[in-house]
Amino acid sequence: MKAVTWHGKRDVRVDTVPDPQIQKPTDAIVKITSTNICGSDLHLYETLGPFMGEGDILGHEPMGIVEEVGREVTNLKPGDRVVMPFQISCGSCFMCDRQLYTQCETTQVRDQGMGAALFGFSKLYGEVAGGQAEYLRVPQAQFTHIKVPDGPPDERFIYLSDVLPTAWQSVVYADVPEGGTLVVLGLGPIGDMACRVAQHMGVGRVIAVDLVPERLERARQRGVEVVDLTAVDKLGDAIRDMTGGRGPDSVVDAVGMEAHGSPVAKLAQQVTGFLPAAIAAPFMQAAGVDRLAALHSAIDIVRRGGTISLIGVYGGMADPMPLMTLFDKQIQLRMGQANIKRWVDDIMPLLTDEDPLGVDTFATHRLPLDEAPHAYEIFQKKQDGAIKVVLKP
Ligand SMILES: NC(=O)c1ccc[n+]([C@@H]2O[C@H](COP(=O)([O-])OP(=O)(O)OC[C@H]3O[C@@H](n4cnc5c(N)ncnc54)[C@H](O)[C@@H]3O)[C@@H](O)[C@H]2O)c1
Ligand SMILES: [Zn+2]
Ligand SMILES: [Zn+2]
């Protein structure tokens, strides 16, 4: 089959690789019909390279049709239409019972000290073959699937794999009080959808920050107040001016470690890009891959006693955190990978022809799988208006 594979920093290719097979009785094989590129893939493309292996198959936002099931997967059959959540979870352990699916104790990647295995997401998360491919082996398939109805186009449902539940969790975790104000940092797919979810939930006021003109414009058209990072002197002052001098009740950081404005760490990453993986991986864990510009903004912006919801992904452990400010401002900090299936029942009723969240028109690019290298490039460089790319195997 054809699959999108990692070959080095900013080097993804479409290779022909062996078709996946059922390996365990809890596996299923799914024929992929649509599969997205995500901001998280950009970390692998650029920053987390040392944790990747040459030829690893990328992708964690796939959907398709069940082709074959292992004998213990009794709730799926060939022909079923399914979306896969980006995390692999069993549905019946201590963590899954608490709906903390990204901490699943059956699939935790213990040798790396990490949580549940993820599709297409480096050695840190189990080096499981990803979903940017013609076929996908789904481990723990009895739980790692979301059944969706036949009929509507793929794009009605595909964002259940990541974008929708992730955006949903980010807003729930932001815990905006009744009538309160939320600032969303970053208007990639996650931040953009977080604004839509916040509006849907009736958050009093939504302000979003980015620096890419078409991303700002897209949010503005949906009634979000937007701030262009490049047009303000000090972001914190600009936001305080807009919020009576106090700052917003809550901030969602939907940027993560690819943040614009973290020059020192960028250098460290570039250095590691030239080291052999065996040296670079420990270097990046210990010396830090941290690029905390967006998080530092969030800490500055949020009002005293407010909440920061970190949904952008961070790594590393070396950069200093302003603990005195966090403590003195009495900030609540909530974070983590999204527990996808925790939110699906809340979201599914919104995936109708009325399309209140605008999923049908959310993608800016629909390209054949063969064009994945080009798609990664325009998404990373934010060229050609690329905000969300759906690949069609
Ligand atoms: N926690 C989870 O479960 C989960 C799931 C999916 C994605 N993510 C993470 O969410 C983040 C966003 O993903 P995405 O798909 O929207 O990616 P993206 O890279 O398209 O979006 C990031 C946006 O942030 C903007 N930005 C950069 N620096 C900024 C700054 N200093 N201030 C404000 N905006 C800034 C960029 O211009 C870009 O539009 C990534 O870190 C991704 O890994 C987390
Ligand atoms: Zn994703
Ligand atoms: Zn589990």
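The structure presented is a predicted model; accordingly, all values stated were derived computationally and were not measured. Remember, it's 1-based here, ligands and their atoms both numbered in the order they're listed.
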Short list, please: which atoms of ligand 1 are under 4.0 Å from a heavy atom of G312? 9 (C), 10 (O), 11 (C), 41 (O)

Report yes if the side chains of V359 and E155 come closer than 4.5 Å at any heavy-atom pair, otherwise no. no

Could you name all protein N, O or S atoms found under 2.8 Å from the Zn ion (ligand 3)? C90 SG, C93 SG, C96 SG, C104 SG

With a 4.0 Å cut-off on heavy atoms, is A254 touching ligand 1? yes

Looking only at distances, please establish whether an N/O atom of ligand 1 is found under 3.5 Å from an N/O atom of K382. no

Please give me the protein atoms (N, O or S only) lying under 2.8 Å from the Zn ion (ligand 2), ordered by chain and number. C38 SG, H60 NE2, E61 OE2, D162 OD2

Taking atom OG of S161 and atom CD1 of I340, what is their separation to the nearest 0.5 Å? 7.0 Å

If I apply the N/O under 3.5 Å rule, does V255 come out as touching ligand 1? yes

Do any N/O atoms on I190 end up under 3.5 angstrom from N/O atoms on ligand 1? yes

Classify the ring geometry between F362 and Y159 as parallel (under 30°), tilted (30 to 60°) or perpendicular (over 60°). perpendicular

Cation-pi check, R137 to Y135: give yes when NZ or CZ is under 6.0 Å from the six-membered ring centre and within 45° of the ring axis, no otherwise. no

Counting only nitrogen or oxygen atoms and a 3.5 angstrom limit, does A293 reach ligand 1? no

Report, in ascending order of atom number, the atoms of ligand 1 lying under 4.0 Å from any heavy atom of S40. 6 (C), 7 (C), 8 (N), 9 (C), 42 (C), 43 (O)

Sequence neighbours excluded, which residues qualify as ring pair (Phe, Tyr, Trp, His ring centres under 6.0 Å) partners of F121? H60, Y125

Near G336, which atoms of ligand 1 are under 4.0 Å from a heavy atom of that residue? 1 (N)

When you compare ligand 1 with I311, is there at least one nitrogen or oxygen pair between them that comes in under 3.5 angstrom? yes

Is L211 close to ligand 1, meaning an N/O of one under 3.5 Å from an N/O of the other? no

Geometric cation-pi criterion K9 and Y45, 6.0 Å radius, 45° cone: no

Any side-chain heavy-atom pair of V109 and K123 under 4.5 Å: no

Passes side-chain hydrogen bond (donor to acceptor under 3.5 Å, both in side chains), D384 versus H365? Steps please. CA-CA 9 Å; D384 194 25; H365 291 66; 3.1 Å; yes

If we only count heavy atoms from C-beta on, is the V252 to I311 side-chain gap below 4.5 Å? yes

Proximity of D192 to ligand 1 by residue part, where a heavy atom lies under 4.0 Å: neither

Report, as yes or no, whether the 6.0 Å neighbourhood of atom CD on Q330 holds more than 12 heavy atoms from other residues, nucleotides or ligands. no

When rounded to the nearest 0.5 angstrom, what distance separates OG1 in T107 from CD in Q140? 7.0 Å

Go through ligand 1 atom by atom and flag the ones less than 4.0 Å from a non-hydrogen atom of D162. 5 (C), 6 (C)

Between F86 and ligand 1, is there a nitrogen or oxygen pair with a distance under 3.5 Å? no

Ligand 1 to L229, heavy atom cutoff 4.0 Å, flagged ligand atoms 30 (C), 31 (N), 32 (N)

Please assess Q132 against D41 for the test side-chain hydrogen bond (donor to acceptor under 3.5 Å, both in side chains), listing each intermediate value before the final yes or no. CA-CA 11 Å; Q132 289 165 7; D41 294 323; 3.2 Å; yes

Within a radius of less than 6.0 Å around CG of D345, do more than 12 heavy atoms belonging to other residues, nucleotides or ligands occur? no

Parallel, tilted or perpendicular, judged at 30° and 60°: which one describes the rings of W343 and Y173? perpendicular

For the CD1 atom of I299 and the CG atom of L326, what is their distance to the nearest 0.5 Å? 4.0 Å

Taking only non-hydrogen atoms of F379 and a 4.0 Å limit, the atoms of ligand 1 in range are 20 (O)

Run the numbers for me: atoms of ligand 1, each under 4.0 Å from some heavy atom of A338, listed by number. 1 (N), 2 (C), 3 (O)

Output side-chain donor-acceptor pairs under 3.5 Å for residues 33-40, partner residues at least two apart or in another chain, one line each.
unit_1 : atom_1 : unit_2 : atom_2 : d
T33    : OG1    : M63    : O      : 3.4
T33    : OG1    : D154   : OD2    : 2.7
S34    : OG     : D154   : OD2    : 2.6
S34    : OG     : K392   : NZ     : 2.7
T35    : OG1    : G131   : O      : 2.8
N36    : ND2    : E61    : OE1    : 3.1

Salt-bridge present (D370, K2; N to O < 4.0 Å): yes

Output the list of atoms in ligand 1 that are nearer than 4.0 Å to some heavy atom of Q337, sorted by atom number. 1 (N), 2 (C), 3 (O)

Going by the side chain to side chain contact (heavy atoms under 4.5 Å, CB included) test, name the single residue among D346, V176, L182, V172 that passes it with M201. V172

Winner among T102, D210, V209, L44 once heavy atoms are compared against atom 23 (C) of ligand 1: D210

